[in-house]
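Every value quoted in this text rests on a predicted model; they were computed, and no experiment measured them.
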Amino acid sequence: MSIILNCAACNKALPYNAKRCAACKVRYCSKECQAEDWQNGHKKMCKKIARHGGVEKFEADVQMSRRAFGPDHDQTLNLRKMYAESLYL
């Protein structure tokens, strides 16, 4: 597992002590990038990343899953999740 030292929105290289999301610790170069990323999907992922133990752990788990099950595994999990959610609508 490696430490992610790039802005989550613009991918700019950042120092270790860069600003972070308070909940999941994703790093950003500016408040503008953080606000943009929030609107572009971070809002939905933040709690999930935080439950995984932070962005580095979350990304490591995603990469390990892709290596073990192939790149289509993510799509299969999304379909299962959508089906499970539809049962409760």
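Minimum interatomic distance between C29 and C10 (heavy atoms only, all atoms of both residues): SG-SG, 3.7 Å. Closest approach of V26 and A8 over heavy atoms only: CG1-CB, 3.2 Å.
Although no hydrogens or angles enter the test, the distance criterion places a donor-acceptor pair under 3.5 Å between the side chain of N40 and the main chain of E36. The closest donor-acceptor contact from the side chain of K47 to the backbone of K44 lies at 3.5 Å or more, if one exists at all.
Between the CG atom of L5 and the CG atom of L14 there is a distance of 7.0 Å, given to the nearest 0.5 Å. The SG atom of C21 lies 9.0 Å from the CG atom of D37; values are rounded to the nearest 0.5 Å. Residue C46 holds its SG atom at 9.5 Å from NZ of K25, rounded to the nearest 0.5 Å.
Residues D61 and H52 form a side-chain contact, since some pair of their non-hydrogen atoms from C-beta on lies under 4.5 Å apart. A heavy-atom distance below 4.5 Å is not found between the side chains of R51 and F58. Using a 4.5 Å heavy-atom cutoff, the side chains of H42 and Y28 are in contact. Looking at V55 and C24, their side chains never come closer than 4.5 Å, going by heavy atoms from C-beta outward.
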